[in-house]
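Okay, so here's the structure we're looking at.
Per chain, numbering begins at 1; letters A, B, ... match sequence-line order.
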Number of protein chains: 2
Amino acid sequence: MASVGIKDVAARAGVSVATVSRVLNAHASVSPAARERVLAAVDALGYRPNTLARSLRTDQTRTLGLVISDVLNPYFTELARSVEEEARALGYSIIFGNADERPELQDHHIRTLLDRRIDGLLVSPADGGSPLVLDAARAGTPMVFVDRWIPGLDVPVVRADGSSAVRDLVAHLHGLGHRRLAIIAGPAATTTGSERVTAFRDALAAYGLELPDEYIGQGDFQAASGRRATERFLELPEPPEVVFAADNLMALGALDAIRARGLRIPHDIALAAFDDIPWFVHTDPPITAIAQPTGDLGRAAVRALTDLIEGRTPESVTLPARLVVRGSCGESPTTGTDSTTGTDSTDRTTGTPGTTRRSDA
Amino acid sequence: MASVGIKDVAARAGVSVATVSRVLNAHASVSPAARERVLAAVDALGYRPNTLARSLRTDQTRTLGLVISDVLNPYFTELARSVEEEARALGYSIIFGNADERPELQDHHIRTLLDRRIDGLLVSPADGGSPLVLDAARAGTPMVFVDRWIPGLDVPVVRADGSSAVRDLVAHLHGLGHRRLAIIAGPAATTTGSERVTAFRDALAAYGLELPDEYIGQGDFQAASGRRATERFLELPEPPEVVFAADNLMALGALDAIRARGLRIPHDIALAAFDDIPWFVHTDPPITAIAQPTGDLGRAAVRALTDLIEGRTPESVTLPARLVVRGSCGESPTTGTDSTTGTDSTDRTTGTPGTTRRSDA
DNA sequence: ATCCCTCGTGTAATCGATTCCACGAGGAGG
DNA sequence: CCTCCTCGTGGAATCGATTACACGAGGGAT
């Protein structure tokens with residue numbers, strides 16, 4: 001009934017609990033004889049240490065919290081997977097919280113994770129102003145931002161820089177003759193929301209193109225908002241020739257709206273997206289997208305966080321995103337099929353250099 | 001520095017720790033005056049109880065473990081989301097483990113969850129024989145199987161029954177003139193892997209059709225296996241007219257293989273899938289699929305598990321899946337566009353009745 | 001032979017909560 | 001006025017580990 005505790009092991013091995021604890025933690029010196037008896041007893045009784053008691057005493061859980069923005073978004077799913085993988089390799093386990101792009105849900109999960117006494121927190125903040133996050137950061141909770149961040153905090157950031165890829169995209173579009181380009185933006189409260197618009201506008205400027213307000217759709221990184229924004233574009237007296245969605249779910253919504261109108265891609269209108277996902281290969285036509293090195297981001301984030309926890313000084317990491325040209329903007333795919341279905345094994349980039357130093361704001 | 005504990009609260013409120021604990025847990029009788037002072041102190045100090053200590057003492061964590069088969073599979077992602085939602089509503093939080101369809105990873109997570117002293121476990125077993133799962137079940141760990149299960153255990157199962165929908169699918173295919181139907185099966189070690197084949201074969205039999213061995217592809221619920229199986233089908237002297245993939249990722253792989261061959265759907269070959277996902281609406285052509293009431297499954301599973309934990313006696317739940325006809329098998333979608341992008345709001349079923357009683361094996 | 005250091009080990013304090021038990025005050029009933 | 005109950009409260013044990021400290025035995029140096 002009562003599960004076996006360290007006392008039972010000690011009794012069976014004929015030693016004290018201290019000795020048992022010592023062999024289990026590879027601590028001080030224990031005689032080979034005693035160690036062997038303890039190990040045998042552990043094995044015989046099927047003893048597993050109570051992590052609650054252990055954590056209570058040692059004040060560390062070897063657990064990391066990860067709050068992701070939207071578990072239904074394949075990008076974050078892949079991020080979560082790589083995070084868990086790397087954490088496991090480093091001897092940590094991770095607890096997820098899904099914010100569903102809702103700040104109050106995000107805060108709920110952060111609170112819960114903090115209550116669980118996680119050793120560190122990985123966040124992709126759904127909004128810039130959560131007092132909880134600010135407090136935690138100031139209170140010294142080891143923390144790393146991934147994908148999105150909150151400016152002005154001394155918290156390492158691990159993210160992808162899409163500006164170079166966005167320039168490539170605009171060059172591609174311009175080369176195809178497109179001049180009226182629109183964007184569906186993410187929430188302004190997120191860095192990725194505003195940043196991508198800025199990058200897009202800057203890239204357009206290089207070609208002497210404007211980004212008028214009516215060509216900026218306001219989305220929230222969810223499919224429905226992409227659909228609404230696109231409908232609005234299509235009702236314009238002079239609709240855009242290209243719609244660039246700032247994430248993959250909004251691209252899905254855009255697709256939806258375009259199809260509902262009976263328009264054809266890329267003949268009637270072109271479509272491109274930020275974030276590449278396996279399904280973009282299989283839509284008709286395949287969708288041109290900007291791919292992030294998602295797996296690398298997740299791994300780098302975990303390493304930064306464990307560095308922080310274990311007393312080393314991590315740096316912020318910025319990895320380049322890259323443009324993946326498919327058919328949705330007017331050019332047929334170059335050669336053969338871009339048919340990689342699975343992982344990001346082909347993630348090779350031609351953009352800006354890799355890691356940059358941490359910016360202490 | 002040192003975080004505030006119950007002692008600090010007690011001191012500030014001028015009461016003993018026992019009293020503080022009592023007001024925090026709405027326990028025995030506490031004078032209104034004392035209660036108020038305690039609450040004020042809690043508020044002033046920003047006190048949060050240490051869940052580790054609490055759990056150690058009470059032997060309950062109000063935490064549920066969920067081990068899902070593959071976090072990159074949108075079906076499980078949606079399942080996870082609904083599970084977390086329902087659990088939160090019932091005052092539990094949940095810890096995920098991603099098995100990646102690998103039994104040893106599944107066991108790793110189950111072990112970790114058990115070590116964390118979760119109150120109950122939700123599993124979708126990646127294989128039928130994990131000794132860990134068997135032991136846990138026999139040891140009395142509250143446990144519920146979701147989606148997949150292991151026969152012969154007295155563990156409630158929450159799942160969808162696809163047999164009726166599969167019959168509908170076969171009727172649909174037969175009506176379109178298809179006679180040579182192939183299936184890409186999941187791993188035989190999973191119930192869903194073998195069950196769907198059986199349902200398919202039975203449905204075929206009703207039309208006097210066979211399911212020859214060479215029309216059964218062996219997959220593992222991952223995209224790559226779907227691709228391989230499909231390639232093998234296409235190399236057959238007499239290739240099938242229809243490929244039915246037993247999950248959505250393998251359907252993705254099938255799509256891939258078909259496109260690589262330069263074949264057109266549904267003209268050259270038809271495609272259908274088990275598990276419906278938002279992207280199926282947007283492929284070319286949209287893919288006919290069998291949709292599970294994923295959200296309901298997740299919620300029902302959590303309720304069954306909490307029933308078990310809190311001493312009530314849960315029943316197994318079987319909900320019907322339903323066929324969603326799109327264009328990938330030869331018929332153009334009935335009216336308008338099946339364009340629902342987001343949730344399963346249209347999940348209405350025409351199949352078998354709802355809940356069935358638990359089968360004590 | 002004596003001293004001292006090291007090694008292996010056990011005893012007990014501790015982490016931060018919950019909860020059993022005892023106790024004093026005050027009201028009701030006789 | 002005395003007795004008995006109830007109510008509110010505090011003291012201290014407890015959950016299951018880790019770890020500081022003490023202690024005895026044995027070996028090397030003097």
Side-chain angles (χ1 to χ4, degrees), chain A residues 1-42 45-63 91 111-112 114-119, chain B residues 1-42 45-63 91 111-112 114-119:
Chain A
M1 188 63 80
S3 67
V4 356
I6 198 173
K7 274 197 275 240
D8 305 298
V9 176
R12 187 178 228 267
V15 298
S16 74
V17 294
T19 300
V20 175
S21 177
R22 280 189 275 255
V23 345
L24 260 39
N25 295 287
H27 246 328
S29 45
V30 180
S31 72
R35 152 169 291 110
E36 192 145 340
R37 289 212 310 284
V38 168
L39 259 19
V42 164
L45 297 173
Y47 167 73
R48 305 237 86 209
N50 184 320
T51 55
L52 295 166
R54 188 209 294 273
S55 295
L56 175 61
R57 187 64 235 267
T58 61
D59 200 42
Q60 56 152 330
T61 53
R62 290 206 74 81
T63 296
R111 173 100 57 200
T112 305
L114 258 22
D115 280 352
R116 268 173 203 289
R117 299 306 204 261
I118 48 159
D119 292 343
Chain B
M1 186 62 80
S3 66
V4 358
I6 197 173
K7 275 197 274 242
D8 306 299
V9 177
R12 188 177 228 267
V15 296
S16 74
V17 295
T19 300
V20 175
S21 178
R22 279 189 276 256
V23 346
L24 261 38
N25 295 288
H27 247 328
S29 44
V30 180
S31 72
R35 151 169 292 110
E36 192 144 340
R37 288 210 312 284
V38 168
L39 259 19
V42 164
L45 298 172
Y47 167 73
R48 305 237 84 207
N50 185 321
T51 55
L52 294 167
R54 188 209 293 274
S55 294
L56 175 60
R57 187 64 236 267
T58 60
D59 201 40
Q60 54 151 335
T61 52
R62 291 206 74 81
T63 296
R111 174 99 59 199
T112 304
L114 257 23
D115 280 352
R116 267 172 204 289
R117 301 304 204 265
I118 49 159
D119 292 343

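Residues B:I6 and B:P49 have side chains not in contact (no heavy-atom distance under 4.5 Å, counting atoms from C-beta outward).
With values rounded to the nearest 0.5 angstrom, B:N50 atom CG is found 10.0 Å from A:L52 atom CG. Separating the OG1 atom in B:T19 from the CG atom in B:L24 is a distance of 11.5 Å, to the nearest 0.5 Å.
Listed by first and then second residue, the salt bridge (charged side-chain N to carboxylate O under 4.0 Å, His left out) pairs involving residues 47-61 of chain A are A:R48-B:D115 (not counting sequence neighbours).
Across the protein-nucleic acid pair, A:D59 atom CG and D:dT19 atom C1' stand 15 Å apart, rounded to whole Å. In this structure, A:R62 atom CZ and D:dA17 atom P are separated by 18 Å, rounded to whole Å.
Comparing the end axes of the helix from C:dA1-D:dT30 to C:dG30-D:dC1, each fitted to five base pairs by superposing C1' atoms of four pairs onto the next four, gives an inter-axis angle of 50° (nearest 10 degrees).
Heavy atoms of A:S31 sit under 4.0 angstrom from primed sugar atoms or phosphate atoms, though from no base atom.
With hydrogens and angles ignored, the 3.5 Å screen pairs a side-chain donor or acceptor of A:R37 with a backbone N or O of A:A13. Side chain of A:S55 to backbone of A:T51: a donor-acceptor contact under 3.5 angstrom is found. When atom types are taken as modelled, the side chain of A:R62 and the backbone of A:G91 share a donor-acceptor pair closer than 3.5 angstrom.
Under the 3.5 Å distance criterion, with hydrogens and angles disregarded, a donor-acceptor pair is assigned to the side chains of B:R116 and A:T63.
A:Q60 CD: more than 12 foreign heavy atoms inside a 6.0 Å radius.
With a heavy-atom cut-off of 4.0 Å to chain A, the contacted part of DNA chain C has its first and last nucleotide at C:dC7 to C:dG16.
With sequence neighbours excluded, the residues forming a side-chain contact (heavy atoms from CB on, under 4.5 Å) with A:L45 are A:V4, A:D8, A:V9, A:R12, listed by chain and number.
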What's touching nucleotides 10-12 of chain D from the protein side, N or O pairs under 3.5 Å?
from: D:dG10; atom 1: OP2; to: B:S16; atom 2: N; distance (Å): 2.8
from: D:dG10; atom 1: OP2; to: B:S16; atom 2: OG; distance (Å): 3.1
from: D:dG10; atom 1: OP2; to: B:T19; atom 2: OG1; distance (Å): 2.7
from: D:dG10; atom 1: N7; to: B:R22; atom 2: NH2; distance (Å): 2.8
from: D:dG10; atom 1: O6; to: B:R22; atom 2: NH1; distance (Å): 3.4

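Nearest heavy-atom pair across A:N25 and A:S21 is ND2-O, 2.8 Å. Of all the heavy atoms in B:R35 and B:V23, the pair that sits closest is CA-CG1, 4.3 Å.
Within residues 49-58 of chain B, the residues approaching DNA chain D are B:L56, B:R57, by heavy-atom distance under 4.0 Å.
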